[in-house]
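One structure below.
All values below come from the heavy atoms of this structure, side chains included, with hydrogens, waters and symmetry mates left out. The structure presented is a predicted model; accordingly, all values stated were derived computationally and were not measured.
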Amino acid sequence: MHMLFRTLLHMLFLSRRKPTLGHYDIARTRFVTLPTDLDVNRHMNNGVYFSIMDVARFDMLVRNGVFGLMREKGWYPVVASETITFRKSLQLWQRFTIESRLIGYDERAVYVEHRLVRPDASGEPEIYARAFIRARFLRKAGGTVPVSELMEVFGTPPADDELPEWIERWGADVALPPTRAGAPSVWG
């Protein structure tokens with residue numbers, strides 16, 4: 001439940017007070033590790049990272065204008081796949097920033113990179129964790145928004161921003177069958 005309050009705080013108040021961004025700009029969203037974020041090892045729980053990245057992603061969508069376009073068109077985003085790599089733990093009351101950026105598209109989805117960073121000894125941003133999100137946009141009236149339609153609205157990514165081959169392969173490798181197709185749970 002606490003994540004709902006964080007999301008509303010960012011979307012309704014904090015995001016609207018920050019500078020606007022272009023669709024492909026890096027959004028930086030600040031957080032503090034709260035007691036409700038911790039696990040039994042007294043560091044941020046691995047599942048909380050994904051929840052806080054949701055908040056950062058909505059901050060990015062509000063600031064780059066995509067959230068307004070989604071509401072206008074009756075679209076909403078859903079995460080299809082996500083992966084994270086941890087490097088260092090976030091401890092209670094540590095301040096950190098999530099850097100979020102739309103990195104590209106494949107024929108079916110949008111990809112976002114998130115970096116959780118804190119200053120190192122020299123004050124430079126140091127990566128504590130990095131995640132990649134594969135998302136789709138759906139219509140409230142039903143159906144999926146084609147990537148071609150998304151690119152018409154958001155514009156094409158900068159020419160030097162080519163989606164890495166490994167991320168396209170990862171997106172395909174971890175995809176489950178469509179919702180109307182069978183997906184039996186067979187081990188082995």
Side-chain angles (χ1 to χ4, degrees), residues 1-105 109-119 125-138 140 145 150 153-154 157 167 170-171 174:
M1 186 65 167
H2 74 284
M3 213 50 74
L4 175 64
F5 296 119
R6 266 187 174 162
T7 304
L8 292 174
L9 174 68
H10 278 272
M11 286 183 66
L12 299 177
F13 300 106
L14 301 178
S15 300
R16 298 177 193 283
R17 289 176 170 77
K18 295 179 186 176
T20 57
L21 300 169
H23 293 147
Y24 297 96
D25 290 346
I26 298 169
R28 290 178 174 85
T29 311
R30 294 186 179 131
F31 296 93
V32 175
T33 309
L34 299 176
T36 52
D37 299 333
L38 304 181
D39 62 17
V40 296
N41 295 318
R42 295 178 300 177
H43 62 202
M44 186 182 292
N45 177 280
N46 61 326
V48 172
Y49 282 80
F50 286 122
S51 296
I52 290 182
M53 287 185 294
D54 284 345
V55 177
R57 212 165 29 258
F58 274 103
D59 175 67
M60 177 184 72
L61 294 174
V62 168
R63 293 174 57 206
N64 68 15
V66 171
F67 186 75
L69 292 169
M70 289 181 345
R71 289 182 53 166
E72 187 180 290
K73 295 188 171 292
W75 298 349
Y76 62 97
V78 294
V79 171
S81 313
E82 51 193 353
T83 187
I84 191 167
T85 302
F86 301 98
R87 187 171 166 270
K88 287 187 172 184
S89 294
L90 288 168
Q91 306 298 326
L92 182 62
W93 305 122
Q94 278 188 318
R95 295 182 180 282
F96 63 97
T97 299
I98 298 182
E99 299 174 341
S100 307
R101 186 169 151 254
L102 176 61
I103 59 170
Y105 308 88
V110 176
Y111 292 85
V112 175
E113 179 178 352
H114 292 291
R115 296 178 184 183
L116 288 86
V117 300
R118 283 188 37 80
E126 178 182 14
I127 298 172
Y128 274 52
R130 184 168 76 167
F132 294 91
I133 310 299
R134 181 177 183 265
R136 310 272 313 266
F137 280 82
L138 304 179
K140 288 183 181 176
V145 181
L150 293 174
V153 173
F154 306 151
I167 212 163
W170 165 76
V174 300

Could you state the interatomic distance from [atom1] ([X]) to [atom2] ([Y]), rounded to the nearest 0.5 Å?
{"X": "Asn64", "Y": "Ile26", "atom1": "CG", "atom2": "CD1", "value": "12.5 Å"}
{"X": "Ile98", "Y": "Arg28", "atom1": "CD1", "atom2": "CZ", "value": "13.0 Å"}
{"X": "Leu34", "Y": "Trp93", "atom1": "CG", "atom2": "CH2", "value": "6.0 Å"}
{"X": "Phe31", "Y": "Leu90", "atom1": "CZ", "atom2": "CG", "value": "11.5 Å"}
{"X": "Ile133", "Y": "His114", "atom1": "CD1", "atom2": "NE2", "value": "4.5 Å"}
{"X": "Ile127", "Y": "Phe86", "atom1": "CD1", "atom2": "CZ", "value": "14.0 Å"}

Indicate the atoms forming the closest heavy-atom contact of [X] with [Y], along with that distance.
{"X": "Pro35", "Y": "Leu92", "value": "N-CD1, 3.5 Å"}
{"X": "Leu102", "Y": "Tyr111", "value": "CD1-O, 3.3 Å"}
{"X": "Pro157", "Y": "Gly104", "value": "CG-CA, 4.4 Å"}
{"X": "Ala109", "Y": "Arg136", "value": "CB-CD, 4.0 Å"}

Is there a side-chain contact between [X] and [Y] in this structure, where contact means two heavy atoms from C-beta onward sitting under 4.5 Å apart?
{"X": "Ile52", "Y": "Met44", "answer": "yes"}
{"X": "Met53", "Y": "Leu116", "answer": "yes"}
{"X": "Ser89", "Y": "Tyr128", "answer": "no"}
{"X": "Arg63", "Y": "Thr20", "answer": "no"}
{"X": "Phe67", "Y": "Phe58", "answer": "yes"}
{"X": "Leu69", "Y": "His23", "answer": "yes"}

For this session: Applying side chain to side chain contact (heavy atoms under 4.5 Å, CB included), run through Val145 and Lys73 and close with a yes or a no.
Result: CA-CA 10 Å; Val145 181; Lys73 295 188 171 292; over 6 Å; no
Exercise. Would a distance-only check, ignoring hydrogens and angles, find a side-chain to backbone donor-acceptor pair under 3.5 Å from Asp39 to Asn41?
Worked result: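 Yes; at least one donor-acceptor contact below 3.5 Å.
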Exercise. Short question: side chain of Ser81, backbone of Gly171 - any donor-acceptor pair under 3.5 Å?
Worked result: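 No, the answer is negative, given that no donor and acceptor are paired below the 3.5 Å cut-off.
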Problem set entry | Exceeds 12 heavy-atom contacts within 6.0 angstrom, atom CZ of Arg118 | yes
For this session: Check the surroundings of atom CZ in Arg87: do more than 12 heavy atoms from other residues, nucleotides or ligands lie under 6.0 Å from it?
Result: yes
Exercise. Using the ring of each side chain (for Trp, its six-membered ring), is Tyr24 parallel, tilted or perpendicular to Tyr105, with breaks at 30° and 60°?
Worked result: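 Because their plane-to-plane angle is over 60°, the rings of Tyr24 and Tyr105 count as perpendicular.
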For this session: Kindly indicate, with the supporting measurements, whether the criterion side chain to side chain contact (heavy atoms under 4.5 Å, CB included) is fulfilled by Phe154 and Val110.
Result: CA-CA 11 Å; Phe154 306 151; Val110 176; 5.7 Å; no
Exercise. Any salt bridge between Glu113 and Arg115, counting N to O under 4.0 Å?
Worked result: yes
